[in-house]
Amino acid sequence: MTSLAPSKRHRKASKRTAQPGLLECESPANQNNEFFSLTESVFLDLGFAQILLTWFWWWFGELVEIIQNDAHPLAEVFAWFFSFSITTFSVLPVAICLIECGLGLRVVPESVSSVAAIWLMWNSFLIIYGLFQAALFFLAPLCNSAPMSHWDHMTQYLVFTTTIASWVTLGSGIGKTVCLKMKYKWGRTQEWGLCILWLCTPFLAVALQKRYSSPAGINSLVALTVIFLAYVFSTYLGQPEITGRREGLDLRTDPRWRALWHRMMAYFSLRVIFDKRATDPANPCAAIDVIKKATSKSGGTGCLIGFHPHGIIPYSAGIMSLSDDWNDAVSDGVSGTVDVPHFLVDSFIHALPLLRDITQWLGCREVSRESLHNLLQQGQCSIVVPGGQVEMLNSRSWDQTVTICTGHRGFIRMALEHNTPLIPALCIGEWSLMDNVYCPRIQRVTKRLLGFPIPFVFYGKSVCLPRQRALTIVIGEPITAASVAGNATGTLKGEALVEQVHDTYFASLKDLFERHKAACGYGDHQMIFED
């Protein structure tokens, strides 16, 4: 447990910062090394992926060949069960959500539909892999000249997911992370460079298909590869995680999508409370007016909401603006006059198929200096999770200590640079939803090298499904440079002002926790700050 006073490490980091408002997790891009960032980071990433694929097919591929040659009687049974399980756990929740929310028909109990909605949103990046299996089954009779066995279908699926889907996903995600770690800029050159490399992957897939599966299935494999690459090119290029070119307000206001959001809210019994210290009902929380102005299409001054704690996966930060409590407080009742609050998520999220589609349609952006700068400059409402992966590694449902990382000051500098109100938001119960496998040493090393902690196997009610816990999100009063103690006349400048706003912000966050934790059922929990 540490105080909010700046540590020696952060005082030194402040001296090295050349630009005010620069997020501390990133360094200025080297404008003259775009090509070298491509050759050094992307080829390194794909070279590592090639080693893993070679190892996988060296051992598994040989096993496949042995089973095929011996015509093992259990091979078909195992392959059928494998394909059926993957397809069911992917297609079933999608079908339930489409029938109930899209058509308005009740086919399962409300509790089951809530679980299906949560499974769809929390595991959309896994569901897409099951949909690949269903697509191959559908394309096989249309494209292939000869029938395929279940074993051939399974090996074809593994060929596609390892050489096409996973390679493209990891290449776009880790490639950008490594590039930024090496202090290079990520732009159009890097995007097109990756796309050119992806065009080489079908040749490897066809070679593996010929050796380990039925050659008759090449047509369906090529067809799905073309469809998938066309999808990737149309959704990946143009940096939608920065520009927001794929946003769609209909997902927030359309009744069919609203039915999906309501099922998610019901699963968590989610409440959003706008807190205030004043007891006068006629004097509501000042954050409401600030957010109203920031989300008004007529223009506003913008605002920056800091969400705490991170937990394992902070989806509640993204769905809180979809709740009725939020809409009732912020909306003026006129359809189409409220803009989208932008939740800033990790860049790797924007590399995962289907998950990136849902998040980008809902207005999510990449958590980077460039993205946040653009939003605040346009006077829009932004939501960040400052604790990041530090809080994720410290999140444990069985622990009665809630750890809040106070080391990041970049988001405070950005708010001050743009003269934007800073609003603390606390989700009480976030830490109880899920846990990750506990391998702290390995996860710290992989986070430092790859930008993401591995292994990342999260579990709650079951694997990849959060526990059904009540969540209460408390939104505090806005904090500005003029509202902090000792700066009524604007005498504080530079790092002194940053530190004062920093202390005020986290003191306000702890005050929210202490005043609301007992009513939410966490009276025995303690909040500590880790620098």
Between [X] and [Y], which heavy-atom pair has the shortest distance, and what is it?
| X | Y | result |
| --- | --- | --- |
| Ile383 | Ala317 | CD1-O, 4.0 Å |
| Met265 | Ser323 | CE-N, 3.7 Å |
| Pro424 | Leu512 | O-CD1, 4.2 Å |
| Cys427 | Pro309 | O-CD, 3.5 Å |
| Cys381 | Ile305 | SG-CD1, 3.9 Å |
| Val108 | Ile96 | CG2-CG2, 3.9 Å |

Checking salt bridge (charged side-chain N to carboxylate O under 4.0 Å, His left out) for the pair Arg515/Asp275: CA distance, chi angles, key distance, verdict? CA-CA 10 Å; Arg515 289 190 292 109; Asp275 180 78; 2.7 Å; yes
Mind checking whether His525 and Phe513 have ring centres under 6.0 Å apart? no
Mutual orientation of the aromatic rings belonging to Phe125 and Phe458 [parallel < 30°, tilted 30-60°, perpendicular > 60°]: tilted
I'd like to know if the side chain of [X] and the backbone of [Y] have a donor-acceptor N/O pair within less than 3.5 Å.
| X | Y | answer |
| --- | --- | --- |
| Ser371 | Ile242 | no |
| Thr504 | Gln500 | yes |
| Thr243 | Gln239 | yes |
| Asp435 | Tyr459 | no |

Hey, are the side chains of [X] and [Y] touching, using non-hydrogen atoms and a 4.5 Å cut-off?
| X | Y | result |
| --- | --- | --- |
| Tyr505 | Phe411 | yes |
| Leu376 | Ser382 | yes |
| His502 | Thr406 | yes |
| Phe307 | Val384 | no |
| Leu422 | Pro478 | no |
| Val367 | Ser347 | no |
| Phe343 | Thr359 | no |
| Leu497 | Leu416 | yes |

Taking [X] first and then [Y], would you say they form a salt bridge - that is, a charged N and a carboxylate O separated by under 4.0 Å?
| X | Y | value |
| --- | --- | --- |
| Arg263 | Glu100 | yes |
| Asp357 | Arg246 | yes |
| Asp254 | Arg258 | no |

Assess whether atom CG of Asp289 is packed by more than 12 heavy atoms of other residues, nucleotides or ligands within 6.0 Å.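 Check passes, neighbour count above 12.
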If you count every heavy atom of other residues, nucleotides or ligands that lies below 6.0 Å from Glu514 atom CD, does the total exceed 12?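 More than 12 heavy atoms, drawn from other residues, nucleotides or ligands, come within 6.0 Å of this atom.
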List the steps, then state whether side-chain hydrogen bond (donor to acceptor under 3.5 Å, both in side chains) holds for Glu430 with Ser316. CA-CA 8 Å; Glu430 178 71 34; Ser316 50; 2.3 Å; yes
From [X] [atom1] over to [Y] [atom2], what is the distance, rounded to the nearest 0.5 angstrom?
| X | Y | atom1 | atom2 | answer |
| --- | --- | --- | --- | --- |
| Ile291 | Trp326 | CD1 | CH2 | 4.0 Å |
| Met414 | Gln377 | CE | CD | 9.5 Å |
| Leu354 | Thr235 | CG | OG1 | 10.5 Å |
| Cys364 | Arg356 | SG | CZ | 14.0 Å |
| Cys97 | Leu120 | SG | CG | 5.0 Å |
| Arg396 | Trp431 | CZ | CH2 | 14.0 Å |

Would you give me the side-chain donor-acceptor pairs under 3.5 Å for residues 266-274, sequence neighbours excluded?
residue, atom, partner, partner atom, Å
Tyr267, OH, Pro466, O, 2.6
Arg271, NH2, Thr472, OG1, 3.1

What verdict does the side-chain contact (heavy atoms from CB on, under 4.5 Å) test give for Ile475 and Ile288, after you've listed the backbone C-alpha separation in whole Å, the side-chain angles of each residue and the deciding distance to 0.1 Å? CA-CA 9 Å; Ile475 299 177; Ile288 295 178; over 6 Å; no
Regarding [X] and [Y], do their side chains bring together a donor and an acceptor under 3.5 Å, going by distance alone?
| X | Y | value |
| --- | --- | --- |
| Arg467 | Ser432 | no |
| Asp324 | His262 | yes |
| Glu370 | Ser368 | no |
| Thr403 | Glu391 | no |
| Glu247 | His342 | yes |

Run the numbers on Arg409 and Glu495 for salt bridge (charged side-chain N to carboxylate O under 4.0 Å, His left out), then give the verdict. CA-CA 10 Å; Arg409 289 163 172 78; Glu495 286 302 307; 6.0 Å; no
Residues in ring pair (Phe, Tyr, Trp, His ring centres under 6.0 Å) contact with His350, at least two apart in sequence or another chain: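 With sequence neighbours excluded, His350 shows a ring pair (Phe, Tyr, Trp, His ring centres under 6.0 Å) to no residue whatsoever.
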I would like to know whether Ile404 and Val402 meet side-chain contact (heavy atoms from CB on, under 4.5 Å); could you show each step before the answer? CA-CA 7 Å; Ile404 301 295; Val402 180; 4.3 Å; yes
Can you list the steps and then say if Leu433 with Leu471 is a side-chain contact (heavy atoms from CB on, under 4.5 Å)? CA-CA 9 Å; Leu433 297 183; Leu471 297 179; 3.8 Å; yes
Under the criterion side-chain contact (heavy atoms from CB on, under 4.5 Å), I'd like the reasoning laid out for Arg245 against Gln360: C-alpha separation, chi angles, the key distance, then a yes or no. CA-CA 8 Å; Arg245 67 176 180 85; Gln360 289 175 359; over 6 Å; no
